[in-house]
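So the structure is just underneath, and the comments pick up after that.
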Number of protein chains: 2
Amino acid sequence: MTKRGTLPDVIDRLEPKERRGLIVVITGNGKGKTTSALGMAVRACGHGLRVCIIQFMKGDLYAGEWDGIKLLDCAIELHATGKGFCGIQGNPYPWAEHRANAQDAIDLVHEKMNSGGFDLLILDEINNAVQLRLVDLEQLLAILRAKPPLMHLILTGRDAHPEVVELADTVSEVNEIKHAYRKDIEPQPGIDY
Amino acid sequence: MTKRGTLPDVIDRLEPKERRGLIVVITGNGKGKTTSALGMAVRACGHGLRVCIIQFMKGDLYAGEWDGIKLLDCAIELHATGKGFCGIQGNPYPWAEHRANAQDAIDLVHEKMNSGGFDLLILDEINNAVQLRLVDLEQLLAILRAKPPLMHLILTGRDAHPEVVELADTVSEVNEIKHAYRKDIEPQPGIDY
């Protein structure tokens, strides 16, 4: 275990006159959406915010962030509710089972959102879940409209619906310029999963 | 302090036949580049990798990740070497001072890269440093060529140079679709810094 580094002694701090709970959407077909949400979780923990991450598609394959989040000594919880990407070759679960899982996750979202226990709620790959009709668009829009004013909400996953983009404050589209797998390089732990 | 959540009991794990050290570039003008690198750091820590983050532009304004990284109980170090974005209105430091800082950071990169102590090296906003001529393109290309084969290297910042993209394995471009500041919403702690 090491914990070193160099930081400046004198630091100016921004402090907004008005705290606002933002809706942030990270979409697109490139690498970096879930990791961007994880990075905002680290940043939020640094500010003492309480974070809840609900992963809609992950759950069938080990992801390094599951153990990484455990190493983060702050108020954070992580729920991996999915069974992988339905429709992807090799995924053994029927659509109805993916849908049932995602519907349970939606109940969990409302529970966590209304608990008063969190300042940042991350719904990882929920855009995919809507695209795959595991979650109804209206269910996601209802979450956005019901968000407590000071709670931040981050939505990730490709194919964000235009109505979701419309309701969001900040939206980034992560586009693939190139990816190692196209050179037949296998997914590497710590980078790709 | 809470540490809760729900994870599946039975987990399949990917394991590449061949370990490769990847060069990943996260560029573009949208929000989510530095946070994506931070998220890969969390993921890497989950896999037990040793991580070093060197921030080229940050150092004049507090960033939540500085304290967030301290909360990550793994082999990670963070160096914020910069004095902010030169040429940005209000930044008081002359270009020569930014350049001298960035040149010291390049020495630090070679020291960390050759130390054998790290599996993942993150050069945050180094693309900006090259664009601003605080770092010479040839200096960055030399780093990419000298990278140990099993070490992962992540470069962030807008305006990644085409020669850097050419040498990279995975490149994502994060494009701004919309941003809260355009609605005159101030930067919010935990999300924007």
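For clarity, every value in this text was computed on a predicted model and none was experimentally measured. Chain identifiers are assigned alphabetically (A, B, ...) following the order of the sequence lines, protein sequences preceding nucleic acid strands; residue numbering begins at 1 within each chain. Scope of the values below: all heavy atoms of this structure, side chains included, with no hydrogens, waters or symmetry mates.
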Selection from [options] maximising heavy-atom pairs under 4.5 Å formed with chain B:
options: K17(A), E18(A), M40(A), H47(A); result: H47(A)
options: R50(A), E15(A), K58(A), R43(A); result: R43(A)
options: L38(A), D67(A), T35(A); result: T35(A)
options: G64(A), A180(A), G32(A), S36(A); result: S36(A)
options: D60(A), T170(A), T81(A); result: T170(A)
options: R182(A), E65(A), K83(A); result: E65(A)

Checklist line | Contacting moiety of I154(A), where chain B heavy atoms sit under 4.5 Å | finding: side chain
Item checked: Proximal component of V165(A), with respect to chain B [non-hydrogen, under 4.5 Å] -> both
What part of [X] gets closer than 4.5 Å to chain A, counting heavy atoms only: side chain, backbone, both or neither?
X: I26(B); result: side chain
X: L120(B); result: side chain
X: T27(B); result: neither
X: I53(B); result: neither
X: N29(B); result: neither
X: I185(B); result: side chain
X: L22(B); result: side chain

Report the option among [options] that has the most heavy-atom pairs separated by less than 4.5 Å from atoms of chain A.
options: P8(B), P16(B), G30(B); answer: P16(B)
options: P187(B), S172(B), G21(B); answer: S172(B)
options: V42(B), L61(B), V174(B); answer: L61(B)
options: E176(B), K183(B), R20(B); answer: R20(B)

Checklist line | E166(A), CD atom: more than 12 neighbouring heavy atoms under 6.0 Å | finding: no
Within the side chain of [X], is there an N or O that forms a donor-acceptor pair under 3.5 Å with the backbone of [Y]?
X: Q103(B); Y: L134(B); result: yes
X: Q188(A); Y: E186(A); result: yes
X: N127(A); Y: G157(A); result: yes
X: K147(A); Y: M151(A); result: yes
X: N91(A); Y: Y93(A); result: yes

Item checked: 4.5 Å side-chain heavy-atom contact, I69(B) and I76(B) -> yes
Notebook entry, point to check: Quick one: which of V109(A), L108(A), D124(A) gives a side chain to side chain contact (heavy atoms under 4.5 Å, CB included) with H79(A)?
Noted result: L108(A)
Notebook entry, point to check: Among side-chain atoms of D169(B) and H179(A), is any donor-acceptor pair under 3.5 angstrom?
Noted result: no
Checklist line | Non-hydrogen atoms of L49(B) and P189(A) that approach each other most closely | finding: CD1-O, 3.7 Å
Checklist line | Minimum heavy-atom distance L71(A)-C45(B), with the two atoms named | finding: CD1-O, 3.6 Å
Notebook entry, point to check: Cluster question for you: counting only ILVMFWY and a side-chain heavy-atom cut-off of under 4.5 Å, with indirect links fine, are L7(A) and Y193(B) together?
Noted result: no
